[in-house]
Amino acid sequence: MATIGFVGLGIMGRPMLNNLLKAGNTVIAYGRNQAKLDAVVADGAQAASSNADVAARAPIIVTMLPDGPQVEEVVLGASGILSGAKPSTLIIDMSSISPLVAQKIAAACAVKGVDFIDAPVSGGEPKAIDGTLAIMVGASPELFAKAEPILKLMGSTVTLTGPVGAGNITKLANQIMVACNIAAMGEALTLATRCGLNPEVVLNAVKAGLAGSAVLNAKGPMLIARNFKPGGKIQFHQKDLRNALQTAEANNVYLPLTAQVHQMMASLIADGKGELDHSAIATFVEKASKVEVKIPNA
């Protein structure tokens, strides 16, 4: 059991924080949204008055935020974590951000003797709730050993992938594969539906073969049921693909499929669908084809 700070109380953050509480830890929480802060206090967390106050009260701090600018503000900004942190404080950033930003923040923390590692996650809200996230860590072996027991309270797999920044590079690779898989699923089921087939039958026929995947099992039924309640929002996934493309440009890597799906997501966001689950990527193909993937007569 430990005292752990937690900043970022959204769809993913709140259930992750709750898993830390269930393990008997003391959790010091902060977020700008008072309703969300009140909710985690009702769950058993203690409220802090600022990011700096979190750091003053907890030797280990988890952040779970939308993107790099928010992590920079929370860690490095006025009344940020770094302003209240003692030497040897460990910041575990579990947000999905640019690896270059993670490295920048780590360098700024190191000047003050504060440790920073990146540990982005995959699995969405359902796995955040049941504590079975896949966690990809960028850290030294020594800091990984310090963070691992805490991370295992939130994830079923915790993998050291390299030094700081490597966690987010691994997450970008994950997000490329997920996004392209959903887009391909959308094309396939749209074609099957247009040709008069029941998409649910097609899905069940192929998912045990080579085309089968966790993405297909999770997102195919959501598409067919027209259930786009967000576990992973399109707007956040598009952000991840943008970070992937920027990282690829910096490293002279060509990502044509990623670029195309990124543009599909941009179109969906412009169409007011950014808050939908990323299974709704498939609706881009549906709209262009004037077909809706659903069970006939449903």
Side-chain angles (χ1 to χ4, degrees), residues 7-18 31-33 35-36 39-40 62-71 73-74 93-98 101 119-130 132-136 154-155 168 170-186 213-246 258-287 293:
V7 179
L9 310 176
I11 289 176
M12 298 290 287
R14 183 180 178 184
M16 291 164 67
L17 182 155
N18 277 329
R32 288 182 175 178
N33 185 307
K36 292 180 179 179
V40 298
V62 174
T63 53
M64 187 63 180
L65 299 159
D67 199 0
Q70 290 82 14
V71 180
E73 179 184 358
V74 163
D93 180 43
M94 303 187 75
S95 320
S96 296
I97 67 175
S98 163
V101 173
V121 307
S122 179
E125 184 184 15
K127 289 186 178 293
I129 291 171
D130 62 22
T132 59
L133 292 165
I135 304 176
M136 301 147 253
M154 296 177 281
N168 273 293
T170 306
K171 176 61 185 288
L172 294 180
N174 178 86
Q175 294 300 80
I176 289 170
M177 288 185 269
V178 171
C180 291
N181 201 335
I182 294 172
M185 176 193 75
S213 68
V215 171
L216 196 66
N217 291 342
K219 302 303 176 180
M222 292 181 70
L223 172 64
I224 294 168
R226 318 310 296 172
N227 170 22
F228 301 123
K229 180 181 181 295
K233 294 182 181 180
I234 285 176
Q235 65 178 3
F236 293 145
H237 204 150
Q238 194 237 15
K239 171 265 299 182
D240 291 334
L241 295 194
R242 181 178 68 247
N243 285 337
L245 291 168
Q246 291 172 347
T258 303
Q260 185 151 5
V261 179
H262 176 262
Q263 287 300 307
M264 291 166 64
M265 288 179 166
S267 176
L268 290 167
I269 291 169
D271 201 27
K273 296 181 177 179
E275 293 287 324
L276 299 183
D277 184 81
H278 52 183
S279 56
I281 294 169
T283 65
F284 178 90
V285 178
E286 288 183 325
K287 183 177 180 180
V293 174

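Remember, predicted model here, so these are calculated numbers, not experimental data.
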Check step by step if side-chain contact (heavy atoms from CB on, under 4.5 Å) holds for Val285 and Met264. CA-CA 9 Å; Val285 178; Met264 291 166 64; 4.2 Å; yes
Would Asn33 and Leu9 count as a side-chain contact (heavy atoms from CB on, under 4.5 Å) here? Give the steps. CA-CA 8 Å; Asn33 185 307; Leu9 310 176; over 6 Å; no
Met154 and Met94: CA distance, side-chain angles, deciding distance, side-chain contact (heavy atoms from CB on, under 4.5 Å) verdict: CA-CA 11 Å; Met154 296 177 281; Met94 303 187 75; 3.6 Å; yes
Given side-chain contact (heavy atoms from CB on, under 4.5 Å), test Leu65 with Val74 step by step and report yes or no. CA-CA 9 Å; Leu65 299 159; Val74 163; 3.7 Å; yes
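Summarising the geometry, atom CG belonging to Asp93 is positioned 3.5 Å from atom OG1 belonging to Thr63; distances are rounded to the nearest 0.5 Å. A distance of 11.0 Å separates CD of Gln175 from SG of Cys180, quoted to the nearest 0.5 Å. For the atom pair Glu125 CD and Arg14 CZ, the distance stands at 10.5 Å (nearest 0.5 Å). Note that CG of Leu223 is 10.0 Å distant from CD1 of Ile182, once rounded to the nearest 0.5 Å. In this structure, CE in Met64 is found 12.0 Å from CG in Leu17, a value given to the nearest 0.5 Å. Summarising the geometry, atom OG1 belonging to Thr170 is positioned 13.0 Å from atom CD1 belonging to Ile135; distances are rounded to the nearest 0.5 Å.
Taking all atoms of both residues into account, the shortest heavy-atom contact from Ser213 to Asn181 is OG-ND2, 3.2 Å. When all heavy atoms of Gly10 and Pro15 are compared, the pair lying nearest together is O-CD, 4.1 Å. Here the closest heavy-atom approach between residue Ala179 and residue Met265 is recorded as CB-CE, 4.1 Å. Minimum heavy-atom separation, Gly123 to Leu133: CA-CD2, 4.1 Å.
For the residue pair Asn243 / Ser98, no side-chain donor-acceptor distance below 3.5 Å is found, with atom types taken as modelled.
The environment of Arg226 atom CZ is dense: over 12 non-hydrogen atoms of other residues, nucleotides or ligands sit within 6.0 angstrom. No more than 12 heavy-atom neighbours from other residues, nucleotides or ligands sit within 6.0 angstrom of CD on Gln260.
The salt bridge (charged side-chain N to carboxylate O under 4.0 Å, His left out) search around Lys36 returns none, not counting sequence neighbours. Under the salt bridge (charged side-chain N to carboxylate O under 4.0 Å, His left out) criterion, Asp240 pairs with no residue at all, not counting sequence neighbours.
Side-chain contact check for Leu241 versus Gln238: every heavy-atom pair is 4.5 Å or farther apart.
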N/O donor-acceptor pairs under 3.5 Å from side chains in residues 273-284, not counting sequence neighbours:
residue, atom, partner, partner atom, Å
Lys273, NZ, Thr283, OG1, 3.4
Glu275, OE1, Lys233, NZ, 2.6
Glu275, OE2, Gln235, NE2, 3.0
Asp277, OD1, Lys219, NZ, 3.2
Asp277, OD1, Gly231, N, 2.9
Asp277, OD1, Gly232, N, 3.3
Asp277, OD2, Lys219, NZ, 3.1
Asp277, OD2, Ser279, N, 2.9
Asp277, OD2, Ser279, OG, 2.8
His278, ND1, His237, ND1, 2.8
His278, NE2, Lys219, NZ, 3.2
Thr283, OG1, Ala280, O, 2.6

